[in-house]
Undergrad: 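Before we start, here is the structure in question, set down as structure tokens.
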Amino acid sequence: MSFFGFGQTAEIDIVLNDWETRKKAEHKTEDGKKDKYFLFYDGETVSGKVNVTLKTPGKRLEHYGIKIEFVGQIDLYYDRGNHHEFVSLVKDLARPGELSQSQTFDFEFTHVEKPYESYTGQNVKLRYFLRATISRRLNDISKEMDIVVQTLCSYPELNSSIKMEVGIEDCLHIEFEYNKSKYHLRDVIVGKIYFLLVRIKIKHMEIDIIKRETTGTGPSVYHENDTIAKYEIMDGAPVKGESIPIRLFLAGYELTPTMRDINKKFSVRYYLNLVLIDEEERRYFKQQEITLWRKGDIVRRSMSQQASIAAQRFEGSNSETASAQAKEESN
């Protein structure tokens, strides 16, 4: 409804050029629900059209310019009034003037840097969105469109195994080993637990995956721990010398890559938490941080190309060495 002519006299719609073919990804919203959004990666171009439709044909729309922005933004829920922008790009679509009819404007943000992964947590949200705005004297007309960004990584060069011990003097001595310390989001955690000394009656043992979200700095630091998964290792008393294998599939859980000190605003870390419970309900813990990363087809292809190039170089260097040796022998 428009009072005294101050209501919105136009509608804005943002349409991506490749909306029919671009992949979508599920992403959690603030209320815990999941919606699908267009998926982008770092360095990809974002292009499309802004459609401005006049609600009353024939009636002119005066404006002070039309623009579109690409924004990367961090919102801390305890600091709702402030938006921390780490990407801010602007394209002017029209100079100040009048629109006498509905009009379409093209836009393109070329090879846009998107350094962080989209994230919605307990106390923080990292989002990317397009915002088209018609500037007016009294009330601007604007429309936002969220997208999802995922960060892809290559296989880590160093990925050592994890070995730890849990011990209570003269009562309990357990060693446990995981095959590596860095896992991609659809990986399998493989490990083994060795019972070297058992003099207390353990009735239950499990491994938990804990997500720890840290927001803020200095005195205003907030920690939120969320148990993502529980994996029962055994239900009953172990004996000395026994070993128990572990296979925990990550693909079935809602996990994100590890995020460390994102724009100096927040971190998301993951831990494997070994829990033992004895017959008197006493609980024993041992915690170890692991690193999670996202593996994608794009990275896999580039890695295979690098491997083939490396193999060709290796074969080339070998042939050069062989020919040099042959020359020396003939001389």
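The figures here come from the full heavy-atom set of this structure, side chains too, leaving out hydrogens, waters and symmetry mates.
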Undergrad: Is any side-chain N of the basic residue among Glu108 and Lys49 closer than 4.0 Å to the acidic one's carboxylate O?
TA: no

Undergrad: With sequence neighbours left out, what residues match Glu144 under side-chain contact (heavy atoms from CB on, under 4.5 Å)?
TA: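 By the side-chain contact (heavy atoms from CB on, under 4.5 Å) rule, Glu144 matches Arg127, Phe129, Arg131.
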
Undergrad: State plainly whether the residues Arg136 and Glu62 are in salt-bridge range, i.e. N to O under 4.0 Å.
TA: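 No.
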
Undergrad: I'd like to know if Lys230 pairs up with Glu206 as an ion pair, taking the criterion as any Lys NZ or Arg NE/NH1/NH2 lying under 4.0 Å from an Asp or Glu carboxylate oxygen.
TA: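 So Lys230 pairs with Glu206 through a salt bridge.
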
Undergrad: Take Lys203 and Glu281, measure what salt bridge (Lys or Arg N to Asp or Glu O under 4.0 Å) needs, and give me the verdict at the end.
TA: CA-CA 9 Å; Lys203 70 171 187 177; Glu281 298 299 327; 2.2 Å; yes

Undergrad: Thinking salt bridges, do Arg22 and Glu44 make one under a 4.0 Å N-O criterion?
TA: yes

Undergrad: By the definition side chain to side chain donor-acceptor pair (under 3.5 Å), identify the one residue from Lys182, Arg269, Arg260 that meets it with Thr291.
TA: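 Of the listed options, the one satisfying the test is Arg260.
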
Undergrad: Is the closest basic N to carboxylate O distance between Asp92 and Lys67 below 4.0 Å?
TA: no

Undergrad: Report the relative orientation of the aromatic rings in His27 and Tyr37; use parallel for angles under 30°, tilted for 30 to 60°, perpendicular for over 60°.
TA: perpendicular

Undergrad: Counting the benzene-type ring for Trp, do Phe176 and Tyr194 have ring centres under 6.0 Å apart?
TA: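 For Phe176 and Tyr194, the ring centres are not under 6.0 Å apart.
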
Undergrad: Taking the cut-offs as 6.0 angstrom to the six-membered ring centre and 45 degrees off its axis, would you call Arg212 and Tyr270 a cation-pi pair?
TA: no

Undergrad: Does the ring of Phe38 carry Lys24 above it, NZ/CZ under 6.0 angstrom from centre and within 45° of its axis?
TA: yes

Undergrad: Any link between Ile12 and Val71 through a network of hydrophobic side chains (Ile, Leu, Val, Met, Phe, Trp, Tyr) touching at under 4.5 Å?
TA: no

Undergrad: Is the closest basic N to carboxylate O distance between Arg294 and Glu117 below 4.0 Å?
TA: yes

Undergrad: Quick check on the 6.0 Å ring-centre criterion: do Phe86 and Tyr116 meet it?
TA: yes

Undergrad: Hey, are Asp75 and Lys125 close enough for a salt bridge, meaning a charged N less than 4.0 Å from a carboxylate O?
TA: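 No.
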
